[in-house]
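What follows is a set of notes on a single structure, which appears directly below.
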Amino acid sequence: MNDLGTPDEPYDLIGLGFGPSNVALAIAAQEIAPDRRCLFLERSPDTRWHEGMLIDGTRMQISFLKDLVSLRNLASPFTFLQYEKAKGRLEKFVNLAEFRPSRLEFQDYLRWVAAQFADMVRYGSAVRAVTPVRDDDGALSLFRVSATDTATGEAVEYHARNVVHALGGVPRVPEAVTLGPNVVHSSAFLPTVPRTYTDHDREWEFAVVGDGQSAGEIAHYFLDHYRNARVHLILPGYSLRATDNNPFANEQYFEANADDFYSRGEEDRRVSGASLRTTNYGVVEEGFLDDLYRLAYADEVRGRTRLLVHGGSRVTSSEAEGEGIRIGVESRFGSETSVLRADGMVLATGYRRRLDPEMYRDVLPYLKTDGDSRPVVSREHRVRATAELTCGLYVQGFAEATHGLGDTLLSLLPFRSKQIITAIAKDGGSQARAFSPARRDGGPDAATLAELIDRCGSGTLVSAGPREFPVATRLPLVLDRDRGRNGVLFGVLDRTDPQLRLLDGGKVLAVFQPDGASAGEPLSIDVRGCARLVTDRDRLVAHEARVGPVPRPGGSVGIEIEIEALSGRFPLSPEPRAARAESESEK
Ligand code: NAP
């Protein structure tokens, strides 16, 4: 049997990145289309979320109810409240009466969810290229994803019918500014700045560029951690502005409004997007602005000014000067450019969203783009392509122009992941070409074999496990022929069964032997597939009832096997054998 991810057995989807967007997708895949085979590639050694900005004490700007799944499925085992319960903090969290958890805790929640999908993720995999692969019919029906193992430097390749790109934005850096030890983007703030400026009493001169939440938090950090430092806040507007967080404006981030946004004309979308900008970009949360102002005011009381706001200004250049830097600042209110000297500068200048032209070099010629060279994305977040490219490229967070400002935010993740996985499941995933359901040698066809499996009731399951020795068990299995291309087998195991660990995510071979009376001559049916554990209680109860009332003291867990290939090893009845003999004699 080939390994999953080869051209013959491609994944249904490969997700690039395993941050919030693709973790939400993994949840949706398990809950909506568990028969789809997914792999996620993540460059970091674990799931991270804006780690460079996880400043102590900073909080989420949205409610914990806008986690990865609650708004789509409140009963999901992956909600933020389930996380609190699992960590033993639920009552204490309720006691906090806090809708907005700390960012640190939200990252911990993300990691808790991500850990439950560990068998689908290759951490330490840096994706280098996504390349379309031509099949025998001339269509580009598969993607080859090439990656490098960051620990060993080894090159790896996987194939998939769909790629879901969720690698986030890239730091926006002004043209004539070069990043270096004294000039960093906010995304690298915590890993670099505290290490570079270790003397907390020195009279540092820091420059912070930008007027968004990142700029506000970094300016506050400098004033708070370096008691003699001065902070130059260089921002394009007149002053800092508060986030428009009013509930009416926030309704724009509802699922229905995102749909409505998509259905509007281009000019209408542009105007709406611009008018909503202050709900998210270039603004600082109101309570935080008050804190920052109080901190600056306390200095005034002590007779010194440490926060200097340079309104209407843009940083245009920077160059090293001695141990510090020389910063070129252009005023918006005239053509003059001034120079500012500082010991360090942090660019809180936001992010750009674009598909890496190098990574997608061989795919870009097939993608449809708009007047601004942005990929055109369908409602389901699939990038529109020429007819030749039949495999699907989906993007998360790259369609603000057509899907609205919520596209880069957490609010809509539960819905977007559902749209994507539903589209991929409908599309047929890799099943469309991976296996021929019928044997080519005139043996029993797939429908006949499935009927016989139905009658068998139980099969011997042999699992290779992901990297373990084989294990065999006889297990009652029911066949759900409405799902998957050839059907899905379902069984129930005791939750404490040690085989669960080996079966979950592993390739399995199920062997069925219908009794001679019902099938004529002896027949052995081999079912090849990939096993997956099911923890959704409702589905488990419904299926368990069909499998039969088996007492399970430690609770039970469902196991599903998407049938990838079926074959019967002996002739079904004398008729096919006779038919074959005739055709042979004709030669
Ligand atoms: P942002 O909101 O995009 O703000 C960046 C600002 O920098 C823009 O207003 C931009 O102005 C300005 N800028 C760009 N180049 C400049 C230059 N050369 N000179 C002066 N100003 C320049 O970026 P952000 O603050 O990093 O926020 C990004 C997202 O992360 C937002 O959704 C934010 O809410 C989120 N965030 C959340 C938290 C939290 O939850 N606690 C913390 C930080 C960030 P122009 O557009 O005019 O160029």
Side-chain angles (χ1 to χ4, degrees), residues 19-20 49-64 66 99-107 110 168-179 183-190 207-221 232-245 250 252-253 273-274 276-289 291-292 309-318 327-332 337-338 340 342 345-353 397 400 404-413:
W49 180 61
H50 294 300
E51 235 192 5
M53 282 297 294
L54 284 185
I55 296 173
D56 272 351
T58 53
R59 288 186 301 152
M60 300 291 294
Q61 292 179 281
I62 51 171
S63 158
F64 69 85
K66 288 195 168 183
F99 257 85
R100 297 184 305 137
S102 73
R103 287 165 63 79
L104 206 64
E105 187 171 28
F106 199 75
Q107 171 168 272
L110 290 178
V170 289
R172 212 170 121 194
V173 177
E175 222 168 274
V177 172
T178 311
L179 297 175
V183 181
V184 296
H185 185 264
S186 57
S187 54
F189 180 68
L190 281 183
V208 179
V209 189
D211 53 2
Q213 186 69 24
S214 302
E217 290 181 9
I218 289 167
H220 189 282
Y221 180 97
H232 298 268
L233 191 51
I234 304 165
L235 46 91
Y238 289 95
S239 71
L240 288 172
R241 283 168 302 173
T243 309
D244 179 357
N245 211 8
N250 262 336
Q252 292 307 314
Y253 296 104
L276 284 172
R277 194 180 140 79
T278 51
T279 59
N280 184 47
Y281 291 119
V283 285
V284 184
E285 195 246 317
E286 197 168 1
F288 196 87
L289 274 186
D291 287 349
L292 183 61
V309 179
H310 303 255
S313 303
R314 299 190 79 85
V315 165
T316 49
S317 65
S318 78
I327 304 164
V329 182
E330 199 177 86
S331 167
R332 259 178 65 177
T337 301
S338 55
L340 185 75
M345 172 162 73
V346 181
L347 302 168
T349 43
Y351 298 83
R352 272 182 310 125
R353 304 263 169 171
E400 209 175 57
L405 252 59
D407 197 59
T408 62
L409 305 180
L410 295 173
S411 304
L412 295 171
L413 291 194

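Both counts, for ligands and for their atoms, begin at 1 and track the order of listing.
- Considering only residues two or more places apart in sequence or on other chains, Arg103 meets the side-chain contact (heavy atoms from CB on, under 4.5 Å) condition with Trp49, His50, Met53, Leu54, Thr58, Met60.
- Checking atom 30 (O) of ligand 1 against the protein gives no heavy-atom contact under 4.0 Å.
- Atom CZ of Phe99 is surrounded by 12 or fewer heavy atoms from other residues, nucleotides or ligands within 6.0 Å.
- Inspection of the Tyr351 and Thr408 side chains reveals no N or O donor paired with an N or O acceptor under 3.5 Å.
- Contacts between Thr58 and ligand 1, counted as non-hydrogen atom pairs separated by less than 4.0 Å, are absent for every part of the residue.
- Nearest residue to atom 36 (N) of ligand 1 from His185, Met53, Arg352, Gln61 is Gln61 (criterion: closest heavy atom).
- The closest approach between a heavy atom of Asp211 and any atom of ligand 1 is below 4.0 Å.
- Distances shorter than 4.0 angstrom occur between a heavy atom of Ser313 and an atom of ligand 1.
- Where the criterion is an N or O separation shorter than 3.5 Å, residue side chain and backbone included, Pro174 fails it with respect to ligand 1.
- Looking at Arg277 against ligand 1, only its side chain comes within 4.0 Å, counting heavy atoms.
- When the heavy-atom distances from atom 16 (C) of ligand 1 to Arg59, Arg314, Glu330, Glu285 are ranked, the shortest goes to Arg314.
- Residues meeting the salt bridge (charged side-chain N to carboxylate O under 4.0 Å, His left out) test with Glu105, sequence neighbours left out: Arg89.
- Distances from atom 24 (P) of ligand 1 to the heavy atoms of Ser214, Pro171, Gly312, Gly328 show the closest one on Ser214.
- Residue contact check for ligand 1: Leu235 places no non-hydrogen atom closer than 4.0 Å to it.
- By the 30° and 60° cut-offs, the orientation of the rings of Phe288 relative to His220 is tilted.
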